[in-house]
Amino acid sequence: GAALSARMRGTDQVSVCFFGDGASNQGTFHESANLASIWKLPVLFVCENNLYAESTPADYSLSVRDVADRAAGYSMPGVIVDGQDIFAVYEVARAAVARGRAGQGPTLTEAKTYRYGGHFLADDPHRYRSVEEEEHYKARDCIKQFREHVLAAELLRTSDLEAIDGECLAQLDEAVTFAEASPQPELSELLTDVYVKYP
């Protein structure tokens, strides 16, 4: 809808839709990809493939090896990128956005990444994956790789990165303090902005 709005208003905006490997099996993804391709809408579909749809391994639930392979069914490019490499993701996204702005339609990007924790608070990921697997991906952490790259290329200094870390931690502390000091919402707000279908 946002991409269609941009097209109708004649702006150069591009919609970016993020979803996981599990969502790529749902009808809403396929319907959206089909319509965006038919109308050549400026959309960047980004599948963050973290290898698990909650606890279901992607290689068990996908009919294709790569989610990006599904792009061919909708006449759009399907691009695979290392989701742990910030610079690679930037370049792929830049090309897809330029394509959308040029009126060439949507692009499906599959960012191969990893989820370190559980799918939700009570989810114990060690029920369905190994500690060794987790350690393999943690060794390729995107922030760690970013730090190594910018320091080696002398784009930033260690002191710059420490300052950024300090600012982020201060913002987190401020947000937590605000949340803890805020009153609990009224019971009457329970269903505000929540769609409920009654029988």
Side-chain angles (χ1 to χ4, degrees), residues 2-3 6 11-24 41-54 58 65-68 71 76-121 123 125-126 129-182:
T11 72
D12 68 349
Q13 295 168 302
V14 175
S15 295
V16 182
C17 302
F18 292 92
F19 54 96
D21 45 287
S24 75
L41 296 179
V43 182
L44 171 51
F45 293 103
V46 182
C47 176
E48 296 175 296
N49 185 349
N50 63 26
L51 307 182
Y52 294 95
E54 191 165 335
R65 196 181 119 236
D66 300 303
V67 173
M76 71 175 81
V79 182
I80 297 172
V81 65
D82 179 0
Q84 300 297 92
D85 183 339
I86 293 168
F87 297 100
V89 170
Y90 173 81
E91 291 301 330
V92 165
R94 183 167 67 171
V97 167
R99 186 174 181 280
R101 285 188 173 142
Q104 296 174 338
T107 300
L108 171 59
T109 297
E110 178 181 7
K112 302 277 192 175
T113 187
Y114 197 73
R115 167 173 47 85
Y116 299 144
H119 183 73
F120 54 92
L121 190 60
D123 177 30
H126 296 128
R129 66 186 196 200
S130 68
V131 172
E132 292 77 21
E133 180 181 287
E134 289 179 6
E135 292 307 316
H136 167 75
Y137 284 98
K138 285 181 179 178
R140 298 191 62 252
D141 181 77
C142 53
I143 296 174
K144 178 178 178 279
Q145 289 192 90
F146 171 82
R147 291 178 74 93
E148 290 170 357
H149 178 87
V150 296
L151 290 173
E154 297 183 352
L155 299 172
L156 292 171
R157 298 173 305 226
T158 301
S159 59
D160 297 324
L161 294 171
E162 288 171 352
I164 292 169
D165 287 346
E167 289 174 24
C168 291
L169 290 171
Q171 288 178 13
L172 286 170
D173 288 341
E174 183 181 335
V176 168
T177 300
F178 173 79
E180 290 177 343
S182 297

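Counting from 1, the numbers follow the sequence of the chain as shown.
- No more than 12 heavy-atom neighbours from other residues, nucleotides or ligands sit within 6.0 angstrom of CD1 on Ile143.
- The side-chain heavy atoms of Asp21 and Leu51, taken from C-beta on, include no pair separated by under 4.5 Å.
- At a threshold of 4.5 Å between non-hydrogen side-chain atoms, the residues Gln104 and Pro42 do not count as touching.
- When all heavy atoms of Val89 and Asp82 are compared, the pair lying nearest together is CG2-O, 3.6 Å.
- Each of Arg140, His136, Arg129, Lys138 was checked for a side chain to side chain donor-acceptor pair (under 3.5 Å) with Tyr114, and the lone residue meeting it is Arg129.
- Side-chain contact between Phe87 and Val150 is present, with heavy atoms from C-beta onward closer than 4.5 Å.
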Ile86 vs His149, side chain to side chain contact (heavy atoms under 4.5 Å, CB included): CA-CA, chis, key distance, verdict: CA-CA 10 Å; Ile86 293 168; His149 178 87; over 6 Å; no

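- At least one side-chain heavy atom of His126 sits less than 4.5 Å from a side-chain heavy atom of Val131.
- No side-chain donor-acceptor contact under 3.5 Å links Asn49 to the backbone of Val67.
- The environment of Arg157 atom CZ is sparse: at most 12 non-hydrogen atoms of other residues, nucleotides or ligands sit within 6.0 angstrom.
- The main-chain N or O of Glu54 is found under 3.5 Å from a side-chain atom of Arg115 such that the two form a donor-acceptor pair.
- Heavy atoms only, all atoms of each residue included: Pro106 and Met76 are closest at O-CB, 3.4 Å.
- In Glu148, the CD atom is crowded: over 12 heavy atoms of neighbouring residues, nucleotides or ligands sit closer than 6.0 Å.
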Audit row: Gln84, Thr113, side chain to side chain contact (heavy atoms under 4.5 Å, CB included) steps and yes/no: CA-CA 6 Å; Gln84 300 297 92; Thr113 187; 2.7 Å; yes

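- Ring pair Tyr52/His119: centre-to-centre distance not below 6.0 Å.
- Considering all non-hydrogen atoms of both residues, Ile80 and Ala68 come closest at CG1-CB, 3.6 Å.
- Considering all non-hydrogen atoms of both residues, Cys17 and Val43 come closest at SG-CG1, 4.0 Å.
- In summary, the aromatic rings of Phe18 and Phe45 are positioned with their centroids too far apart to meet the 6.0 Å limit.
- Minimum interatomic distance between Leu44 and Ala96 (heavy atoms only, all atoms of both residues): CD1-CB, 3.6 Å.
- With respect to Arg147 and Asp165, a salt bridge is recorded, a charged nitrogen being found less than 4.0 Å from a carboxylate O.
- Smallest separation of non-hydrogen atoms from Ala3 and Ser15: N-OG, 3.0 Å.
- Within a 6.0 Å sphere centred on CZ of Phe120, heavy atoms belonging to other residues, nucleotides or ligands number more than 12.
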